[in-house]
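Each remark here refers to the structure printed beneath this line.
Letters A, B, ... are given to chains in the order of the sequence lines, protein chains preceding strands, and every chain is numbered from 1.
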Amino acid sequence: MRCGCVALCRGGVTVPQRGWVWQYLSMPDSAANGSASANGTAPAVELHNISKGFPGVVANRDISMTVERGTIHAIVGENGAGKSTLMKTLYGLHQPDSGTIAVNGTEVEFGSPSDAIDSGIGMVHQHFMLADNLTVLENIILGAEPATGGVIDSREAARQITELARSLGVEIDVNSPVAELGVGQRQRVEILKVLYRGAKTLILDEPTAVLVPQEVDELFENLRRLVDAGTTVLFISHKLDEVLAVSNRITVIRQGTTVGTVTPAEVTRRQLAEMMVGSDLPQPEPRTSEVSDRVRLEVKNLSVSRPGRRDLVHDVSFAIHSGEILGVAGVEGNGQFELCSALLGREHSNGTVAIDGKDVSHASVRDRKNAGIAYVPFDRQREGLMLTSSLWENNLLGQEEKFTKYGFVNVAAARAACREVISRFGVLTPNEDVPAFALSGGNQQKLVVGRTMSMNPAVLLAAHPTRGIDVGAQAAVWEEIRTARDAGLAVLLVSADLEELLGLSDRVIVMFEGSVVAELSPRDATPELLGSYMTGAKVAAR
Amino acid sequence: MKLTGRARLMVLFAVPVALMSVVRLWSGEDALTSSDTIGASLRLSVPILLAGMAGLWAERCGVLNIGIEGMMIFGTWFGGWGAWQFGPWVGLAFAVVGGMLGGLIHAVATVRFNVDQIISGVVLNLLAFFGVRYMSDLAFVGQPGGGVSQSPPQTSAIPRFDIPVLSGGEVFGWKSPNILLNLEERGWFFLSDLAGILHGLTHNLSWGTVIGVAAVPATFWILWRTRIGLRLRSSGESPVAAETLGVNVIRLRYLGLLVSGGLAGYAGGILAIVASSYYRQGQTAGRGYIGLATMIFGNWRPVGVLGGASLFGYAEGVKLVANDAISTLFLFVALAAVLLVVAAVVNRNTTRGIVTTFVAVVAAYAYLAIDDVPESLTQSLPYFATLVVLATASQRLRPPAMAGIPYRRGESH
């Protein structure tokens with residue numbers, strides 16, 4: 001527990017003057033160790049005064065922490081607090097500027113991930129690194145194949161993997177292609193991949209971000225089994241509830257440095273949150289709004305079909321009123337994307353769509369847009385931006401008609417419009433001439449949202465509007481959506497972030513296998529309830 | 001229908017043979033399944049098969065290879081020159097080296113310098129076409145029988161043999177019986193057709209052909225059973241994942257393209273040394289592209305490529321040996337379509353039923369109305385078959401996920 005003090009003294013971070021924080025940070029080692037299984041052996045991982053800077057920013061500063069063997073140790077912090085940078089240092093993806101790493105009591109230097117693997121440290125990336133067309137077995141053994149004379153010994157490999165899977169408490173068909181697995185199973189494959197390489201310390205980067213609540217429970221069940229067998233798990237998260245539920249110890253990181261290490265018994269969720277942010281958390285808190293009677297978007301019996309397959313969107317009906325946000329929950333790939341495409345007119349669909357009472361069921365994308373529909377795309381880089389073009393050209397997209405005369409673009413006006421979006425939405429950029437790829441994800445998103453909003457739409461389709469952007473930008477985007485809603489916009493909000501969905505929406509519908517399986521008020525809906533609808537475990541009559 | 005892999009292959013083979021037999025008995029045209037036709041088909045299939053294998057190796061490691069035609073051209077030239085100078089076996093080795101040279105050029109351009117893979121392939125084709133012309137000018141002009149567009153004729157050839165007992169080969173001077181030929185001449189239903197096909201595949205074989213066909217099991221074994229094969233396929237499926245696990249993607253892509261070039265070169269060598277006895281300009285005649293079609297037809301798998309290459313080879317073989325019998329092929333198509341109609345009705349697949357009925361009617365009409373089939377039409381038949389396969393099976397095709405996408409080390413996605 002030395003770490004917390006070190007960080008505080010040397011880093012000079014101001015900690016809010018709240019009694020409880022000081023209480024823990026000044027606690028002697030023995031007291032804080034309470035529930036951890038410190039069994040006299042050297043800690044699995046020790047970090048001393050790690051600092052890592054990138055041009056222009058200091059990502060990690062004076063980080064010190066101790067991970068005891070056979071524990072689940074969580075690292076929490078806001079987006080951009082430096083958690084991932086720290087884990088990359090530990091995994092050898094880059095080298096620290098200063099500070100030392102010790103594994104099992106011996107000091108080590110990792111030049112590359114393979115050094116880390118050799119020391120028994122393995123990493124499960126947030127974005128899975130799997131080859132879809134290869135089988136589970138092939139994915140796991142790749143690079144470390146059991147072979148005699150170059151010929152792979154598949155039987156031996158299958159035996160080893162099955163054994164590992166059993167120790168994890170999962171059943172897996174090693175010969176099925178990864179393409180056929182669900183997200184949760186893919187994650188198991190990633191974990192098996194790391195264990196297969198003999199990892200004794202597992203780093204999991206935001207492992208629950210892609211899972212629904214039930215899968216999260218299963219994952220934690222698996223991790224507990226591992227820990228009982230002596231493995232050490234380090235997992236990164238910003239979801240406080242699960243951190244409190246599963247970990248033996250929690251290290252909090254804020255602004256690139258460690259704030260302290262606590263045990264879940266010592267802190268409440270609120271206290272942990274305050275440690276993380278240093279002040280009150282910005283939250284998508286429900287705000288009462290004036291939902292009028294005026295229907296702006298009405299969808300009736302909408303279906304998107306593919307020959308010979310189940311409907312991608314099946315008989316979906318809903319109405320969104322002026323000043324209302326309708327949230328769409330669902331595991332990705334359950335028809336949300338196709339629903340948005342169909343509403344935009346990009347995808348052929350059956351059923352009716354009306355905007356402000358005007359039937360646009362058979363209208364083209366352009367006509368629907370002119371009728372007032374606007375779209376914040378699922379993937380800003382693929383659907384929203386021309387990455388190598390300048391910001392003002394990107395901002396011009398979709399409103400060329402407004403800025404052209406006799407076929408020529410009024411460049412001055414287009415640039416001025418872009419400057420307005422930049423200043424109004426706080427896009428961090430030197431000017432409107434830089435190419436879009438030069439912006440950070442958050443700023444790209446602000447530009448996309450700003451462009452959409454500046455078209456004064458009647459109906460906004462917002463798909464994952466805050467995915468992968470930092471807390472500040474997130475709050476700004478939330479605020480924009482709320483402001484627009486208050487001004488009478490109808491919003492369809494598709495999001496994987498349940499907190500965001502419940503915080504912003506006036507109503508939430510859940511999509512499963514293309515159908516709407518539930519409609520809830522955010523006041524009644526808990527993440528667990530939503531999760532059971534999202535996985536199809538529970539089906540409600542609407 | 002639920003059949004295991006082996007049973008399915010048997011059905012896929014037996015049903016067409018039975019149909020062929022029906023057609024033969026109906027029309028009295030023996031040439032469709034005669035050993036002569038099949039033998040010619042085999043000889044014509046092998047270059048296409050090897051071109052398809054070349055495509056498979058390249059795409060499995062993650063690089064599109066439009067340049068197979070060019071690599072084959074290198075193969076014909078180097079093979080022709082080597083065989084003329086040093087004899088046929090050295091010629092084949094030279095053909096492989098020539099093709100590998102093409103593969104290396106493609107690898108340096110696409111893997112090292114990240115040139116667009118299509119463009120590099122097209123450039124390679126042009127380079128090969130004009131390059132060998134220049135080299136012919138240096139090597140062949142002024143030699144007896146040689147010129148800017150062809151090499152002097154070779155004086156020796158790769159030996160040929162018959163398989164003993166089955167097709168009358170000699171064993172230590174003993175002339176063994178020729179069971180298959182005997183059976184073929186009886187004209188029985190199915191059995192004689194089967195014997196004709198097998199006889200065609202077992203007599204008057206060139207060692208060059210045998211080695212070429214061996215590329216199929218060898219490719220399967222290496223790519224799907226060995227460590228290096230798994231790593232090579234992984235660099236075509238997910239190079240980023242492979243690299244994080246310590247697999248050297250760059251080196252494997254070089255390797256894949258060298259093997260690809262070698263196979264294409266050998267295909268060229270077969271054309272210049274086994275199928276004829278001299279190098280001639282334009283000898284490849286677009287077989288590199290046909291090879292790519294068989295690769296897609298075969299779903300990027302060796303046995304599938306073998307199937308596709310047989311189809312193309314057979315169409316060429318029939319044209320060469322039994323041109324008069326071509327109109328009976330329409331009867332074959334019509335009968336096959338009728339079978340598919342029945343299958344569609346059983347499976348209640350309306351669209352497929354309508355399409356196959358249409359095909360059956362058109363083919364039957366063609367058989368009755370057409371006596372003399374224009375050559376261009378018969379030549380296009382295999383392409384037509386490929387198009388049909390692509391249109392109907394495209395959802396089941398599984399190309400390597402990252403083939404065609406340049407990979408830069410250290411770049412994550």
Discussion item. Under a 4.5 Å cutoff for heavy-atom pairs, which residue among A:Ala131, A:Pro113, A:Ser112, A:Gly149 has the most contacts with chain B?
Written reply: A:Ala131

Discussion item. At a 4.5 Å cut-off on heavy atoms, which part of A:Asn139 comes close to chain B: side chain, backbone, both, or neither?
Written reply: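 Just its backbone gets close to chain B.
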
Worksheet item: Do B:Ser238 and A:Leu130 have side chains that get closer than 4.5 Å, going by heavy atoms?
Response: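 No; the side chains remain at least 4.5 Å from each other.
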
Looking at every non-hydrogen atom in both residues, tell me the closest pair between [X] and [Y] and how far apart they are.
X: B:Pro399; Y: A:Asn133; value: O-ND2, 3.2 Å
X: B:Arg225; Y: A:Val151; value: O-CG1, 3.5 Å
X: B:Thr226; Y: A:Ile152; value: O-CD1, 3.3 Å

Fill in: B:Met10 atom CE: more than 12 heavy-atom contacts under 6.0 Å
no

Worksheet item: Heavy-atom count around B:Ile228 CD1 within 6.0 Å, excluding the residue itself: above 12?
Response: no

Worksheet item: Hey, does the side chain of B:Arg231 reach the backbone of A:Leu142 with a donor-acceptor pair shorter than 3.5 angstrom?
Response: no

Practice prompt. With side-chain contact (heavy atoms from CB on, under 4.5 Å) as the test, would you mind laying out the steps for A:Glu138 and B:Glu237 before giving the verdict?
Written response: CA-CA 11 Å; A:Glu138 287 172 333; B:Glu237 297 287 356; over 6 Å; no

Fill in: Derivation of the side-chain contact (heavy atoms from CB on, under 4.5 Å) call for B:Leu245 and A:Arg197
CA-CA 10 Å; B:Leu245 298 174; A:Arg197 284 167 173 71; 3.6 Å; yes

